[in-house]
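This report refers to the structure that appears directly beneath it.
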Number of protein chains: 2
Amino acid sequence: MDGVEQTNESWRILIVEDDERLADLTREYLESNGLTVSLETHGGAAVERIRNEQPDLVVLDLMLPGEDGLSICRRVRPHYTGPIIMLTARTDDLDQVLGLEMGADDYIGKPVQPRVLLARIRAMLRRVETVPVASEGGNGEEPARLQFNDLIVDRAMREAWLSDDSIDLTSAEFDLLWLLASNAGRVLSREEIFTALRGIEYDGQDRSIDVRVSRIRPKIGDDPIHPRRIKTVRSKGYLFVKEA
Amino acid sequence: MDGVEQTNESWRILIVEDDERLADLTREYLESNGLTVSLETHGGAAVERIRNEQPDLVVLDLMLPGEDGLSICRRVRPHYTGPIIMLTARTDDLDQVLGLEMGADDYIGKPVQPRVLLARIRAMLRRVETVPVASEGGNGEEPARLQFNDLIVDRAMREAWLSDDSIDLTSAEFDLLWLLASNAGRVLSREEIFTALRGIEYDGQDRSIDVRVSRIRPKIGDDPIHPRRIKTVRSKGYLFVKEA
DNA sequence: GTGTGCTGTAACAGACACGTCACCGGGCAG
DNA sequence: CTGCCCGGTGACGTGTCTGTTACAGCACAC
């Protein structure tokens, strides 16, 4: 059960750090865990890049040659609302308070274990993902979590619960469950499901959706003969029922 | 899930901590800085209170008598989406990663300076505040649903109700019912019905439409001799009547 | 009344759609 | 490299649909 998956696209992280060797190692580790990382060693350029590229998250070293990290944070905040994680060798409490009040979202003392950094980045992205991205197409956004009686489906955590018990869903199973649940009350045809999940055309023969459904149903406590959640609509598709 | 309290109201913080003296001090400090704080010393009760009170933020001590903080976090997560800050004397990296992956948003090692805690709480609340309150915004959506007195036909769910009782229609039956109902008040010839439903030419002999109608009628409470909904127009076709 | 169509519908059987098992290939971690 | 897990494929069994057919009743014309 890994944490935040790259649901649609990989998250874009910008690391601002003058120690290139360290930065490279960090990038490698983060990228091997599904993040897209770019580096910036120079403070002044960082401000520009954050404004222009609008990364999903910024990791900002405080001790930079030239411009100070705090000042970068302050200058960038009016133009960037994403999360900023400050990284610093100084562990002074006052610095930390200052950094956080300056608009940082997290403040980690060096040295930091890569996995700890990753965990904190993920935690932050998870929190942030519930905020619909304003720069998107601007159509109706979907909520991050759905609840139907005792069944809860959480998109940010990619996890579901059935009366408080976590349901062990595979990635593909979760995707299908989410698709159905977020379209509750509407019959989804196999064509729709196919294009939404795989981006390819439905050939009219493929049974993989059916198999997935049959794998999901027992996990969410559904009886295939008398399903309460995922109803089969014969010769059309599947329907996630809204009401009990 | 009543989202985040908005701006001016004081934020409601719940501290789960068994050391009452420490907790009191912390509360005092936080309250003197404009937060509303309540305390909970017992782990089991904490789960209940978090679910019921839905505080804006939870500070959770990991080392509790009885239930472990991690387990509290896991149990509470399905019902609480607000931020959780974990507090612990153990500063092991692995614990930290575990805590974050368990759904915590921050993880602070003890001892923690009150003002650091305050700064982190504020940073977290600042981040959370931008989360829009569950936008229930449904406009525009065409319901694709027809109603004639006590008969309701819903295209999205491909289901129909007769005075609140779900009607058991097969796929082909539903298609025909929808076609007729969505053309209520107009006689549909067999030719039209055939091309609309099967996309093929009517050969002038086929009786399948008639059979379908005869199967639908009892289900929607129609008497074939004196039909109120689907009338036969002799040598023409069928008519779904608008008014009762 | 009688005849000629048209319609309602019971019964049937082939086709069809779906659930599910077993299998396999690929990916990823150890 | 090796084993496990995930996810798609093919096959099979089952239950349900749905068109066909046949026959009975009805409507209308004469």
Side-chain angles (χ1 to χ4, degrees), chain A residues 1-3 5-6 29 31-34 115 118 158 167-180 187-191 193-194 196-220 222-239, chain B residues 158 167-177 179-180 187-191 193-194 197-220 222-239:
Chain A
M1 211 81 19
D2 20 17
E5 292 293 315
Q6 58 289 10
Y29 182 78
E31 293 203 322
S32 75
N33 279 280
R115 54 197 307 186
L118 175 65
R158 292 183 63 79
I167 304 175
D168 191 31
L169 290 168
T170 70
S171 184
E173 284 162 7
F174 180 88
D175 287 338
L176 177 53
L177 177 60
W178 176 263
L179 180 67
L180 290 169
V187 175
L188 288 180
S189 68
R190 276 166 237 278
E191 285 80 0
I193 295 174
F194 243 78
L197 255 44
R198 292 219 244 166
I200 59 176
E201 198 95 348
Y202 177 60
D203 67 356
Q205 303 278 54
D206 201 298
R207 310 293 316 286
S208 60
I209 299 299
D210 307 55
V211 177
R212 270 201 218 175
V213 169
S214 87
R215 283 171 177 155
I216 292 174
R217 286 217 257 236
K219 296 186 181 180
I220 62 172
D222 244 11
D223 170 13
I225 314 291
H226 305 289
R228 296 177 316 156
R229 319 268 194 201
I230 302 181
K231 262 170 78 177
T232 303
V233 180
R234 188 173 238 265
S235 78
K236 278 294 174 285
Y238 293 96
L239 164 71
Chain B
R158 293 183 62 82
I167 305 175
D168 190 31
L169 291 167
T170 71
S171 190
E173 284 162 9
F174 180 89
D175 287 337
L176 177 54
L177 177 59
L179 180 67
L180 291 169
V187 178
L188 288 179
S189 67
R190 286 182 178 72
E191 286 81 359
I193 295 174
F194 240 78
L197 255 42
R198 293 219 243 166
I200 58 176
E201 199 93 348
Y202 177 60
D203 68 357
Q205 303 280 44
D206 200 299
R207 309 292 317 285
S208 60
I209 298 301
D210 307 57
V211 177
R212 271 202 214 175
V213 169
S214 86
R215 282 170 177 153
I216 293 174
R217 287 216 258 235
K219 295 187 181 180
I220 62 171
D222 244 11
D223 170 11
I225 313 291
H226 305 290
R228 297 177 316 158
R229 316 271 195 202
I230 303 181
K231 278 198 173 150
T232 304
V233 181
R234 196 182 168 85
S235 76
K236 284 283 177 291
Y238 293 96
L239 164 71

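Here is how names work: the chains are called A, B, and so on, in the same order as the sequence lines, proteins then strands, and each is numbered from 1. The basis for the numbers below is simple: all heavy atoms, side chains too, and nothing from hydrogens, waters or symmetry mates. Quantities reported herein were computed from a predicted structural model and do not represent experimental measurements.
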Inset, instruction - Indicate whether OP1 or OP2 belonging to D:dC17 is found under 4.0 Å from a side-chain N or O atom of A:Arg234. - result: no

Inset, instruction - Return the value, rounded to whole Å, for the distance between atom CG of B:Leu176 and atom C1' of D:dC17. - result: 15 Å

Inset, instruction - Using whole Å, report how far NZ of A:Lys231 lies from C1' of C:dC18. - result: 16 Å

Inset, instruction - Measure from NZ on B:Lys219 to P on C:dT9 and round the result to the nearest Å. - result: 13 Å

Legend entry - Residue met sooner reading DNA chain C from 5', once B:Arg215 and B:Arg207 are mapped to nucleotides: B:Arg207

Legend entry - Presence of salt bridge, A:Arg215 and A:Glu173, under 4.0 angstrom: no

Inset, instruction - For B:Val213, answer base if it contacts any base atom (sugar-phosphate contacts may also be present), sugar-phosphate if it contacts only those atoms, and nothing otherwise; contact means non-hydrogen atoms under 4.0 Å. - result: nothing

Inset, instruction - Rounded off to whole Å, could you give me the CG-to-P distance for the B:Asp210 and C:dA11 pair? - result: 19 Å

Inset, instruction - Return no unless some side-chain N or O of B:Tyr238 is found under 4.0 Å from OP1 or OP2 of C:dG8. - result: yes

Legend entry - Gap between atoms CG and P, on B:Leu197 and D:dC17 respectively (whole Å): 17 Å

Legend entry - Proximal nucleotide (of C:dA17, C:dT20, C:dG8) relative to the B:Ser214 side chain: C:dG8

Legend entry - Phosphate OP1/OP2 of C:dT7: any B:Arg190 side-chain N/O under 4.0 Å: yes

Inset, instruction - Write down the distance between CD1 (A:Ile193) and C1' (C:dC18), rounded to a whole number of angstrom. - result: 13 Å

Inset, instruction - Could you grab the distance from atom CD of A:Gln205 to atom CZ of A:Arg190, nearest 0.5 Å is fine? - result: 11.5 Å

Inset, instruction - Just compare D:dT20, D:dT9, C:dG8 and give me whichever is closest to any side-chain atom of B:Arg217. - result: C:dG8

Inset, instruction - Quickly work out the B:Gln205 CD to C:dC6 P distance and round it to whole Å. - result: 9 Å

Inset, instruction - Could you tell me whether the phosphate oxygens of C:dG19, OP1 or OP2, come under 4.0 Å of any side-chain nitrogen or oxygen in A:Thr232? - result: yes

Inset, instruction - Measure across A:Leu177 and A:Ile230 and return the closest heavy-atom pair with its distance rounded to 0.1 Å. - result: CD1-CD1, 4.4 Å

Legend entry - B:Arg158 with B:Asp175: basic N within carboxylate O range, under 4.0 Å: yes

Legend entry - Nearest-angstrom distance from the residue atom CG of B:Leu169 to C1' of D:dT18: 14 Å

Inset, instruction - Would you indicate which nucleotide in D:dT18, D:dT9, D:dG7 comes nearest to any side-chain atom of A:Asp206? - result: D:dT9

Inset, instruction - Please report the shortest heavy-atom distance between B:Ser214 and B:Pro218, naming the atom on each side. - result: O-CD, 3.0 Å

